[in-house]
Amino acid sequence: MSVTGLPAGQWVAFHVHQTGVCDHNTAHDSAGGHFNPTNAEHGYLAANGPHAGDMPNQHVGSDGKLETQVFNTMVTLDGGDNAIRGKALMIHGGKDDYKTQPTGDAGNRQACAVIE
Ligand SMILES: [Cu+2]
């Protein structure tokens, strides 16, 4: 994945959100909450977490560019309750603290894309 124009030089949260609708005019609220087919708590540090859509924070370069590969074993592309095709990938303006419910206190929604 390669994304440009992000908040430069900082950690940002990265999640799968449950609805594959990215509406920049409403700050991507259209994408709903985190993808969470097992009704878990949010975060790697939560006793009953994480959400299937939780993924590690990512670091954006000083040029505002993020290039990364993330392997999430809690989801599949197609088939089953944990399939994410048609859901949304979201990058936030702040980092995920891996424990605050239900969002990790990750800040606003900077970038959104539908998984095809
Ligand atoms: Cu998110």
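Both ligands and their constituent atoms are indexed starting at 1 by order of listing. Starting from 1, each residue takes its place in the sequence as its number.
Between the side chains of Tyr98 and Asn57, a donor-acceptor pair is found at a separation under 3.5 Å. There is a side-chain donor-acceptor pair under 3.5 Å between Asp97 and Thr100. A side-chain donor from one of Asp96 and His42 sits under 3.5 Å from a side-chain acceptor of the other.
Between Leu89 and Ile115 there is a side-chain heavy-atom pair separated by less than 4.5 Å. Using a 4.5 Å heavy-atom threshold, the side chains of Cys22 and Val114 count as touching.
Screening the protein for N, O or S atoms under 2.8 Å from the Cu ion (ligand 1) yields 3; no waters enter the count.
Aromatic pair His15/His51: ring centres not closer than 6.0 Å.
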